[in-house]
There are 2 protein chains.
Amino acid sequence: MKKGEATRSRIVGEAARQAAVRGLSGVSLGDLAEVVGLSKSGLFKHFDSKQDMHRAVVEAVLDRFRAAIWLPAQALPPGRARVEEVFRRWMHWGETEWVESGCPVMAISVELDDQPGDLRDYLQKGLKAFRQNVVDELRLLRDPPLSEAEAQAAYFQMKSFILGHSDSRRMMGDLDAERSANAAFEALLERTSCASA
Amino acid sequence: MKKGEATRSRIVGEAARQAAVRGLSGVSLGDLAEVVGLSKSGLFKHFDSKQDMHRAVVEAVLDRFRAAIWLPAQALPPGRARVEEVFRRWMHWGETEWVESGCPVMAISVELDDQPGDLRDYLQKGLKAFRQNVVDELRLLRDPPLSEAEAQAAYFQMKSFILGHSDSRRMMGDLDAERSANAAFEALLERTSCASA
DNA sequence: TAGAAAAGAGCACGACCGGTCGCTAATCTC
DNA sequence: GAGATTAGCGACCGGTCGTGCTCTTTTCTA
């Protein structure tokens, strides 16, 4: 069972690309099939329904997110180095791998955040795991370690700057967005790592 | 011409509500007509096309955004008081007037940011005007006033915290989101207003 | 290499999509 | 209150949506 898996992942990849632009619900199976070079009915040998495909897309996007951002950072020494790597990779991910659409995790989050259900829960679970990883790393910014609450506050700001960067860059066309985000993040690290215990 | 305008604004209001949830392109004219209590063809006496309705929705949302956030803050003394009011109102707007969907400006921004065209440009223009207003106010945080660049950096962070709050609250279900955002914002104001010239 | 299993094509379906037309009825203007 | 304007309806159009069904071809396995 080799060919099938390859085709399936081609479909999911293209679906993710389109979903990042038009939203999950904006992906038409007809369009998708055509781009991938299949008939519409051929798609259904790989998915039971459109919802089933949505699930596959979310899974794939989360996997790629982890692979592009969290995993490479683990090769670095714990603490600040890893956190900076995560931030840099996170910010760049949307601009290099998803040029036309921006970060798909963001797009799908905004789409699903007001649509309760299994898929939303699954995405939330994945994002929470990622957050906890980063929070654990953030605690190491200081010696003695930051409290859980302090690290969560830092994560909140870190994530906010990523979101802010995306809005500035994509919606507002601000060419300085990256510099603004980096400056804000570096200042955050300074404050956080020097704060008294 | 009274009745027509009233109906039109009812339509636009409902369309905005639905667009904040499903996205502009996710609003079906059939559904919309039914909820408003019209026939589908009746809708077309008020709009030339779906695109025309999108434009009306974006206009209305920007108007309500300004009316709910910027205008009331102008009643306060310039500088910090206004800025704090804007932040508080901005954060609450999505949770009070748009309970089921979150802030529509955010939703529509994310939807349009990768779809170049008139509508996107119009939205961008409105948001830039709002930003400039807030930036001007932010400069007054310090005496002597902050530079334009410093104020823009502060605005970047301020906006980021609003976005972060929305993500935390709506996607991650974080009940402490508001406190995190407020704390981050107040610290930002402290840093900014005390920075040496 | 034969045969099972998977991949995919072709077609048709019912529902719904945005949109038009002509008609009636309500509303506004003078 | 007469007449013009406009709001709104119902029927309908061509197209596309997601999703079945059957049938053929390719691919994997023993």
Side-chain angles (χ1 to χ4, degrees), chain A residues 1-60 107-108 111-112 115 117-120, chain B residues 1-61 107-108 111-112 115 117-120 122:
Chain A
M1 261 133 274
K2 230 27 184 331
K3 172 99 179 304
E5 289 173 12
T7 307
R8 186 184 153 107
S9 80
R10 263 175 49 231
I11 300 172
V12 173
E14 175 60 25
R17 247 204 52 226
Q18 294 196 15
V21 181
R22 319 192 210 309
L24 277 174
S25 65
V27 178
S28 126
L29 298 183
D31 284 359
L32 183 55
E34 196 183 2
V35 171
V36 173
L38 284 181
S39 67
K40 216 170 27 156
S41 51
L43 279 190
F44 279 88
K45 292 287 147 151
H46 300 277
F47 308 97
D48 294 338
S49 65
K50 205 190 181 189
Q51 281 207 10
D52 186 36
M53 195 202 68
H54 287 175
R55 160 72 67 136
V57 167
V58 173
E59 284 175 9
I108 294 178
E111 181 177 1
L112 292 184
Q115 299 179 7
D118 282 358
L119 193 51
R120 193 203 121 123
Chain B
M1 263 131 274
K2 229 31 186 324
K3 173 98 180 305
E5 289 175 13
T7 307
R8 187 186 151 106
S9 82
R10 264 175 49 230
I11 299 172
V12 173
E14 175 60 25
R17 248 204 50 226
Q18 293 196 16
V21 180
R22 318 192 211 307
L24 277 174
S25 65
V27 178
S28 125
L29 298 183
D31 284 359
L32 183 56
E34 197 183 1
V35 172
V36 173
L38 285 181
S39 69
K40 211 172 34 158
S41 50
L43 279 191
F44 280 89
K45 291 286 146 148
H46 300 277
F47 307 98
D48 295 338
S49 66
K50 206 191 180 189
Q51 281 207 10
D52 185 37
M53 195 202 68
H54 286 176
R55 160 72 68 137
V57 167
V58 173
E59 285 176 8
V61 165
I108 294 177
E111 182 178 1
L112 293 186
Q115 298 179 7
D118 283 357
L119 193 52
R120 193 202 120 122
Y122 176 82

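Letters A, B, ... are given to chains in the order of the sequence lines, protein chains preceding strands, and every chain is numbered from 1. On a predicted model such as this, the values are computed, not experimentally measured, just so you know.
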Below 3.5 Å between N/O atoms, which protein atoms pair up with nucleotides 1-3 of chain D? Just atom names and distances, please.
none

Taking distance alone, no hydrogens or angles, what donor-acceptor pairs closer than 3.5 Å link side-chain atoms of residues 34-42 of chain A to residues at least two apart or in another chain?
unit_1: A:S39; atom_1: OG; unit_2: A:S41; atom_2: OG; d: 3.3
unit_1: A:S39; atom_1: OG; unit_2: A:G42; atom_2: N; d: 3.1

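- Here CG of A:L29 is found 5.0 Å from CZ of A:F44. Values are rounded to the nearest 0.5 Å.
- Distance CG (A:D48) to C1' (C:dA7): 15 Å, rounded to an integer number of Å.
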Please output the side-chain donor-acceptor pairs of residues 16-28 of chain A that fall under 3.5 Å, not counting sequence neighbours, one pair per line with the distance.
unit_1: A:R17; atom_1: NE; unit_2: A:E100; atom_2: OE2; d: 2.5
unit_1: A:R17; atom_1: NH1; unit_2: A:E14; atom_2: OE1; d: 2.8
unit_1: A:R17; atom_1: NH1; unit_2: A:E14; atom_2: OE2; d: 3.2
unit_1: A:R17; atom_1: NH2; unit_2: A:E100; atom_2: OE2; d: 3.2
unit_1: A:Q18; atom_1: NE2; unit_2: A:E14; atom_2: OE2; d: 3.0
unit_1: A:S25; atom_1: OG; unit_2: A:E111; atom_2: OE2; d: 3.2
unit_1: A:S28; atom_1: OG; unit_2: A:G30; atom_2: N; d: 3.2
unit_1: A:S28; atom_1: OG; unit_2: A:D31; atom_2: N; d: 3.0

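- Applying the side-chain hydrogen bond (donor to acceptor under 3.5 Å, both in side chains) test to residues at least two apart or on different chains, none of the pairs has a partner in residues 43-56 of chain A.
- A:A33 pairs by the side-chain contact (heavy atoms from CB on, under 4.5 Å) definition with A:L43, not counting sequence neighbours.
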Below 3.5 Å is the cut-off: list the nitrogen or oxygen pairs between protein and nucleotides 8-10 of chain D, distance only.
unit_1: D:dG8; atom_1: OP1; unit_2: B:K3; atom_2: NZ; d: 3.3
unit_1: D:dG8; atom_1: OP1; unit_2: B:T7; atom_2: OG1; d: 3.3
unit_1: D:dG8; atom_1: OP2; unit_2: B:H46; atom_2: NE2; d: 2.7
unit_1: D:dG8; atom_1: O6; unit_2: B:K45; atom_2: NZ; d: 2.9
unit_1: D:dC9; atom_1: OP2; unit_2: B:S39; atom_2: N; d: 2.6
unit_1: D:dC9; atom_1: OP2; unit_2: B:S39; atom_2: OG; d: 3.0
unit_1: D:dG10; atom_1: N7; unit_2: B:S41; atom_2: OG; d: 3.0
unit_1: D:dG10; atom_1: O6; unit_2: B:S41; atom_2: OG; d: 2.7

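- Taking atom CZ on B:F44 and atom P on D:dA11, their separation rounds to 18 Å, with Å as the unit.
- Using five terminal pairs a side, the axes of the helix from C:dT1-D:dA30 to C:dC30-D:dG1 at its two ends make an angle of 40°, given in steps of 10 degrees.
- Put simply, CD on B:Q51 is 12 Å from C1' on C:dG18, counting in whole angstrom units.
- Scanning for side-chain contact (heavy atoms from CB on, under 4.5 Å) contacts around B:A107 gives an empty result, with sequence neighbours left out.
- Between the P atom of C:dA6 and the CZ atom of A:F47 lies a distance of 17 Å, rounded to the nearest Å.
- Legend: residues meeting side-chain contact (heavy atoms from CB on, under 4.5 Å) with B:A56, ordered by chain and number and at least two apart, are B:R8, B:V12, B:F47.
- Considering every non-hydrogen atom in both A:A15 and A:L32, the closest pair reads N-CD1, 3.6 Å.
- Using a 4.0 Å cut-off on heavy atoms, none of the residues of residues 22-32 of chain B approach DNA chain D.
- Between A:K50 atom NZ and D:dT19 atom P the separation is 8 Å, expressed in whole Å.
- Taking atom CD on A:E34 and atom P on D:dG15, their separation rounds to 16 Å, with Å as the unit.
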